[in-house]
There are 2 protein chains.
Amino acid sequence: MASSAPEERSQRVAEIVAAARTLLEEGGAEALSMRRVAERLGIRAPSLYKHLAGKPELEAAIISDGFAELAQAFAGAAGEGPRERLAAFGRLYRGFATSHPHLYRLMTARPLPRERLAPGVEEAAARPLVEAAGGDGDLARAVWAFAHGMAILELDGRFPPGADLDAAWEAGVTALAAQVREHRARRRQA
Amino acid sequence: MASSAPEERSQRVAEIVAAARTLLEEGGAEALSMRRVAERLGIRAPSLYKHLAGKPELEAAIISDGFAELAQAFAGAAGEGPRERLAAFGRLYRGFATSHPHLYRLMTARPLPRERLAPGVEEAAARPLVEAAGGDGDLARAVWAFAHGMAILELDGRFPPGADLDAAWEAGVTALAAQVREHRARRRQA
DNA sequence: GTCTATACCCGGATAGAC
DNA sequence: GTCTATCCGGGTATAGAC
């Protein structure tokens with residue numbers, strides 16, 4: 001069974017997910033344990049299993065919420081040409097990742113439990129990306145790979161200390177925007 | 001203390017690292033436990049601590065070896081122009097990731113324990129990337145982000161089932177190669 | 001020096017009583 | 001719906017046998 005959207009969750013389940021989310025955002029994935037979630041709610045860990053199937057389902061609920069919030073963040077993406085659209089997408093993407101680093105990691109840095117997610121949330125978050133890429137699926141995947149790579153490598157502290165990440169983002173956006181423009185030109189010809 | 005290079009490792013430590021590497025490559029990070037490593041060597045887990053400080057040091061030894069192998073793989077990278085050099089880099093990078101998925105994840109999908117690594121291995125693996133990017137550090141980081149994003153998203157099964165990943169790689173390489181060419185042109189002017 | 005046995009703490013999860 | 005008791009597996013420290 002797929003995880004319910006927030007509105008369909010029972011009061012108790014919503015409280016559990018909220019407590020779990022707080023633990024995750026404050027202390028990362030290691031801080032998110034069933035025992036700790038229970039402790040935060042003043043109950044024992046086994047009691048949680050009367051409301052949720054287990055930890056994977058709890059994580060999936062958090063991930064579903066994350067995708068919904070990401071899609072909402074993208075709603076504010078605007079821009080005249082491919083260049084500005086891609087740049088705006090990049091700013092929002094990076095902003096989400098750096099604002100919710102542990103949540104972002106949970107959402108992206110592992111295989112996605114698609115069967116447990118609320119239906120449609122992944123697609124809703126992906127759509128603005130495809131649009132920013134001018135409708136070309138291959139290019140959209142290249143853009144996503146770039147954006148995810150920049151975001152996750154920054155979160156993990158993998159870039160050198162003095163690295164100018166704004167400049168790296170700009171270099172990638174510039175390169176990919178030129179491709180979007182070319183793809184559009186080819187499309188007009190056909 | 002930094003992890004020793006393979007040649008400086010004692011026989012016993014080398015055997016332990018080899019057993020750990022096998023477990024990792026065969027069963028992923030969850031399969032890599034101190035108990036299992038010991039079992040594979042016919043001893044008990046606590047005995048390992050006479051040879052190694054702990055699991056983080058064992059992982060660091062595996063990671064150091066991985067970087068050395070990655071640097072060696074890049075040695076075969078050749079190409080006439082920026083386009084072909086970047087394409088060759090991408091092929092080798094993707095090949096390494098798909099040939100050793102669990103090792104690649106251990107090396108890249110988490111913060112890097114730099115203090116425990118054998119000195120110089122990270123830089124040796126990074127150098128060919130900077131060269132492929134034409135010497136521009138910002139562009140090199142954009143290239144790395146793209147390559148890592150493509151590799152890790154493929155390993156984690158995050159792209160749609162029918163996605164043409166060869167085409168996505170090509171789109172990104174084409175876009176970034178054009179930037180490398182432009183950077184070179186600007187450099188000649190100055 | 002190298003290994004063993006034992007033990008502690010943490011984690012996910014289940015069974016069954018109230 | 002919550003409890004207690006319990007199991008399993010993991011990393012790790014200590015004590016002591018050989």
For the student: nearest non-hydrogen atoms of A:M107 and B:R158, plus distance: O-NH1, 2.7 Å

Check ion pair B:D166-B:R94 (N to O, under 4.0 angstrom): yes

Summary of protein contacts for nucleotides 5-18 of chain C, nucleotide by nucleotide, where a base hit scores B, a sugar-phosphate-only hit scores S (4.0 Å, heavy atoms): BB----BBBBB---

Side-chain heavy atoms of A:L48 within contact of A:K55, under 4.5 Å: no

A:H51 side-chain N/O to D:dT2 phosphate OP1/OP2 under 4.0 Å: yes

N/O (side chain, A:S47) to phosphate O (OP1/OP2, D:dG1) under 4.0 Å: no

Gap between atoms CD1 and P, on B:I43 and C:dG1 respectively (whole Å): 18 Å

Pairs involving residues 30-87 of chain B, ordered by first then second residue, that meet ring-ring contact (aromatic ring centres under 6.0 Å, His included) (sequence neighbours left out): B:F74-B:F89

Qualifying ring-ring contact (aromatic ring centres under 6.0 Å, His included) pairs, either residue in residues 164-185 of chain B, two or more places apart: B:F146-B:W169

